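The model shown is predicted, which means the values in this text are computed figures rather than measured ones. Start at 1 with the first residue, then count along the sequence.
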Amino acid sequence: MKLLHSGKVRDVYEDGHDLVLVATDRISVYDVVLPTPIPDKGKLLTQLSLWWFEEVSGLIKTHVRSAVDVPREFAGRAVRCQPLQMIQVECVARGYLTGSALEQYRATGAVCGVRLPSGLVEASKLPEPIFTPTTKAPLGAHDEPMTFEQLSDFVGLKTATDLRELTLAIYARGAKVAEGRDILIADTKLEFGRDSDGRLVLADEVLTSDSSRFWSSDDWTEGQVQHAFDKQYVRDWARSTGWDRRPPAPDVPDDVVAATRERYIDAYQRLTGLVWSDPSAGGPK
């Protein structure tokens, strides 16, 4: 196989007419890869993505060709995929206000040009989910928010409209499933590409602890930071160190690594209803 690209978390290989997408144990915050891996993270992301790809397959075609026809050394953390012409945009759906969206709202009363009611606070549930795309920045750079009009100028009105509708539909499907399992999906980001026939296809990962904010529905309280089953725990630790968000990033302490791994496992188990075990050793696929 030929290595085509090494991203913050995933490595992409060319294998004949297919791509092999390999999720590593690397973790990034603020667009910087931390020096300390999270054990099993790559396998957890891959297995949760595969579960969700099945759940949303009725809404859109996915890029998955096989989760087992991959090199043995990547078993459990790799997916054989259909090559696509990727759309260079992060498609974000938000059902709750937090993170960079909360910062935008406090400054302007809007998020990516979408006006919101006054008086919203940390973790407020939005009147309805909103589509808030961003640029897809290269490694080392930061994604920037886009309005729908800017997205339309970039990809065309028809494609922008389709991306918005698909993103919100996938978010709605995921949120409904997750709520039945005591998890709120505050927000999520998706990526799409076009196949050789020009059809939009869901790619990369979907509704994982790296691409989404997962909160406990039992503990959700508006106006405060929520217990998160995702990498927000690492973001919060990184912010507490006083790190300036530029490379090199600090080493992650063992207790933070262990707690992060447990949160990823908890999310996987709650959402899928499966007990986590290493899929390369015969565990759940």
Side-chain angles (χ1 to χ4, degrees), residues 6-11 21-49 51-52 77 90-103 122-123 132 134 136-137 139-143 171 174 178 183-191 204-216 219-220 224-272 276:
S6 186
K8 292 190 286 287
V9 174
R10 286 173 174 77
D11 296 331
L21 194 65
V22 181
T24 72
D25 291 341
R26 298 190 294 264
I27 189 165
S28 69
V29 295
Y30 306 120
D31 295 312
V32 178
V33 177
L34 303 182
T36 314
I38 307 297
D40 291 327
K41 176 175 174 284
K43 292 177 180 179
L44 283 157
L45 293 180
T46 298
Q47 299 308 310
L48 185 53
S49 270
W51 188 85
W52 278 117
R77 66 173 66 247
E90 299 276 8
C91 293
V92 181
R94 301 180 186 274
Y96 295 79
L97 192 60
T98 191
S100 62
L102 179 60
E103 294 174 6
E122 171 68 47
T132 60
T134 74
K136 184 172 173 58
L139 186 63
H142 298 287
D143 297 337
Y171 174 79
I183 284 183
L184 300 178
I185 302 179
D187 54 41
T188 196
K189 66 178 180 178
L190 304 170
E191 293 192 39
D204 194 52
E205 62 180 327
V206 58
L207 294 165
T208 72
S209 298
D210 262 20
S211 64
S212 314
R213 285 185 173 92
F214 295 142
W215 296 341
S216 169
D219 299 330
W220 172 73
Q224 67 182 41
V225 175
Q226 310 300 303
H227 178 85
F229 303 100
D230 54 63
K231 70 177 182 180
Q232 186 61 42
Y233 184 73
V234 183
R235 289 192 194 98
D236 293 342
W237 164 80
R239 185 168 55 245
S240 74
T241 67
W243 172 49
D244 63 4
R245 304 187 183 185
R246 292 182 294 183
D251 291 325
V252 184
D254 290 345
D255 62 323
V256 175
V257 170
T260 302
R261 180 178 180 273
E262 286 305 311
R263 290 176 188 231
Y264 275 60
I265 291 173
D266 200 357
Y268 172 87
Q269 294 185 152
R270 286 182 181 228
L271 290 166
T272 67
W276 172 254

**Study point:** Test log, rule side chain to side chain contact (heavy atoms under 4.5 Å, CB included), inputs Leu21 and Glu205
**Key:** CA-CA 10 Å; Leu21 194 65; Glu205 62 180 327; over 6 Å; no

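- One finds no salt bridge joining Arg213 and Asp230 here, because no Lys/Arg side-chain nitrogen approaches an Asp/Glu carboxylate oxygen to under 4.0 Å.
- Trp276 places no side-chain N or O within 3.5 Å of a backbone atom of Leu44 that could act as its donor or acceptor partner.
- A distance of 6.0 Å separates CG of Leu271 from CH2 of Trp51, quoted to the nearest 0.5 Å.
- In terms of heavy-atom proximity, Ala23 sits nearest to Arg10 at CA-CG, 3.9 Å.
- Interatomic distance, CZ of Arg77 versus NZ of Lys43, reported as 5.5 Å (0.5 Å rounding).
- The shortest heavy-atom contact between Val29 and Ala238 is CG2-CB, 4.1 Å.
- Every residue two or more places apart in sequence or in another chain that forms a side chain to side chain donor-acceptor pair (under 3.5 Å) with Lys41 is listed here: Asp210.
- Put simply, the residue from Asp266, Asp40, Asp254 that forms a salt bridge (Lys or Arg N to Asp or Glu O under 4.0 Å) with Arg261 is Asp40.
- Within the model, atoms CG of Leu102 and CZ of Arg94 stand 10.0 Å from one another, a figure rounded to the nearest 0.5 Å.
- In this structure, the side chains of Ile185 and Phe214 come closer than 4.5 Å at one or more pairs of heavy atoms.
- Taking the side chain as every heavy atom from C-beta outward, Trp237 and Thr260 never approach each other to under 4.5 Å.
- Listed here is the closest heavy atom pair of Thr188 and Tyr171: CG2-CD1, 4.0 Å.
- Side-chain contact between Leu207 and Leu48 is absent, with no heavy-atom pair separated by less than 4.5 Å.
- Residue Leu45 comes nearest to Ser209 through the heavy atom pair CD2-N, 4.2 Å, listed as atom of the first residue, atom of the second, then distance.
- Using a 4.5 Å cut-off on side-chain heavy atoms (C-beta onward), Gln226 and Asp219 make no contact.
- Atom-to-atom distance recorded for Leu190:CG and Trp52:CH2 is 11.0 Å, nearest 0.5 angstrom.
- What you find for Tyr96 and Trp215 is that their closest heavy atoms are CB-CZ3, 3.7 Å.
- Separation of atoms SG (Cys91) and CD (Glu191) is listed at 8.5 Å; rounding is to 0.5 Å.
- The shortest heavy-atom contact between Phe229 and Arg270 is CZ-CZ, 3.5 Å.
- Annotation: side chain of Tyr264 is in contact with side chain of Lys231 (closest heavy-atom distance under 4.5 Å).
- The aromatic rings of Trp243 and Tyr30 lie tilted to each other, with the angle between the two planes from 30° to 60°.
- In this structure, the side chains of Asp11 and Arg26 come closer than 4.5 Å at one or more pairs of heavy atoms.
- The CG atom of Asp251 lies 4.5 Å from the OG1 atom of Thr36; values are rounded to the nearest 0.5 Å.
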